[in-house]
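As structure tokens, the structure follows; a few thoughts come after it.
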Amino acid sequence: MSNSTRDHILSRLYKAQSTARPFIEPEHCPEPTENIAGELLVDRFKALIEAQGSCFERASGNDGVLKVLADVFNRKGISRAMASTDRFISALDLPGWAKQKGFAITTQKDYEDRTAFKRAVFTEVDAGITGADFGFAESGTLCLMANGDMPRLTSLAPIIHIAVLPSSRLISSYEQMAETVFGETPPSQLILITGPSMTGDIQATPFKGMHGPRELIVILKDD
């Protein structure tokens with residue numbers, strides 16, 4: 001690099017420093033999530049979920065979740081979905097419920113091999129339904145721990161992802177989750193989801209659904 005080029009770059013950097021955005025004083029920042037709880041924590045989580053362009057629903061118990069799911073299926077025109085078999089979803093018996101309602105819901109265990117499962121989850125279903133192990137109120141982020149009952153593709157491949165989060169699993173921050181999870185044997189993979197999949201790679205134009213679900217629907221389940 002020539003001296004003239006170096007000087008030009010440094011000059012631009014120095015000028016950029018003088019026009020940098022001012023520091024935001026702490027009193028103007030949002031209340032740290034560590035200092036709030038209960039409904040205030042839910043309100044923060046809901047506000048951030050919706051700010052990302054996602055849909056937030058709230059339900060009471062399993063019956064409430066099923067009622068919300070029926071409404072979502074009808075509203076979004078979902079006729080067939082793939083559900084995980086994690087502990088939060090298996091209790092709902094979604095395949096049996098769907099049969100009564102005129103929908104079709106399968107799980108990864110209904111397919112003879114991974115090839116058949118991948119074909120179904122990518123091309124044959126309208127939505128993926130999973131539980132969520134944690135929700136972070138500080139950023140409106142969901143955390144899913146991938147395993148045999150929570151295949152990654154169920155949350156990543158369908159165009160719509162519906163996540164059921166027990167209210168007891170809504171916490172303040174990522175650090176809180178890390179203390180709980182990584183203090184024991186950590187999972188092989190964590191999936192962190194903050195809103196629908198979005199990219200601006202092409203002409204800086206935001207586009208949803210390029211690398212994952214175009215829509216995210218979060219159902220907060222009160223027990």
Closest approach of [X] and [Y], non-hydrogen atoms and distance?
X: Val65; Y: Ala59; value: N-CB, 3.5 Å
X: Gly128; Y: Pro158; value: N-CB, 3.4 Å
X: Ile105; Y: Ala83; value: CG2-CB, 3.7 Å
X: Ala127; Y: Ile78; value: CB-CD1, 3.8 Å
X: Gly61; Y: Lys221; value: C-CE, 3.8 Å
X: Met177; Y: Ile171; value: N-CD1, 3.5 Å

Do the side chains of [Y] and [X] get nearer than 4.5 Å, heavy atoms only?
X: Leu192; Y: Cys143; answer: yes
X: Phe73; Y: Ile162; answer: yes
X: Val125; Y: Ile159; answer: no
X: Arg114; Y: Leu153; answer: yes
X: Arg58; Y: Lys46; answer: no
X: Pro95; Y: Thr107; answer: yes
X: Leu144; Y: His161; answer: yes
X: Asp133; Y: Met150; answer: yes

Residue from Ile217, Ile89, Ile160, Ile219 passing side-chain contact (heavy atoms from CB on, under 4.5 Å) with Ile129: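 Of all the options given, the one that passes is Ile89.
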
Going from [atom1] on [X] to [atom2] on [Y], what distance comes out if it is rounded to the nearest 0.5 angstrom?
X: Gln52; Y: Thr141; atom1: CD; atom2: OG1; result: 6.5 Å
X: Asp222; Y: Ser167; atom1: CG; atom2: OG; result: 4.5 Å
X: Asn62; Y: Lys67; atom1: CG; atom2: NZ; result: 15.0 Å
X: Phe136; Y: Leu142; atom1: CZ; atom2: CG; result: 8.5 Å

Out of curiosity, does [Y] fall in the hydrophobic cluster containing [X] (side-chain heavy atoms, cut-off under 4.5 Å, transitive links)?
X: Val121; Y: Leu156; result: no
X: Leu48; Y: Ile193; result: no
X: Phe88; Y: Met145; result: no
X: Leu216; Y: Met82; result: no
X: Trp97; Y: Val72; result: yes

query: Is a donor on one side and an acceptor on the other found under 3.5 Å between the side chain of Ser54 and the backbone of Glu50?
result: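 Here the side-chain-to-backbone pair does not exist.
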
task: Assess whether atom CG of Asp113 is packed by more than 12 heavy atoms of other residues, nucleotides or ligands within 6.0 Å.
output: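 Buried by this count: over 12 neighbours within 6.0 Å.
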
Contacts of Asp93 that satisfy salt bridge (Lys or Arg N to Asp or Glu O under 4.0 Å) - sequence neighbours left out: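 So Asp93 forms no salt bridge (Lys or Arg N to Asp or Glu O under 4.0 Å) with any residue.
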
query: What pairs meet the side-chain hydrogen bond (donor to acceptor under 3.5 Å, both in side chains) rule with one or both residues in residues 147-157, with sequence neighbours excluded?
result: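 Those involving residues 147-157 are Thr85-Asp149, Lys109-Asp149, Arg152-Gln189.
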
- request: Answer with yes or no whether the side chains of Ser139 and Tyr174 bring together a donor and an acceptor at under 3.5 Å.
  value: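 Checked: Tyr174/Ser139 side chains show no N/O donor-acceptor pair below 3.5 Å.
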
task: Decide whether Ser79 and Asp126 meet the rule of one side-chain donor and one side-chain acceptor closer than 3.5 Å.
output: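 Yes.
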
task: Over 60° means perpendicular and under 30° means parallel, so classify the ring planes of Phe56 and Phe45, tilted if in between.
output: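 Rings of Phe45 and Phe56: perpendicular, over 60°.
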
message: Taking the basic N atoms (NZ, or NE/NH1/NH2) and the acidic carboxylate oxygens, is any pair closer than 4.0 Å for Glu57 and Arg75?
response: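 Between Arg75 and Glu57 there is a salt bridge, with a charged N closer than 4.0 Å to a carboxylate O.
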
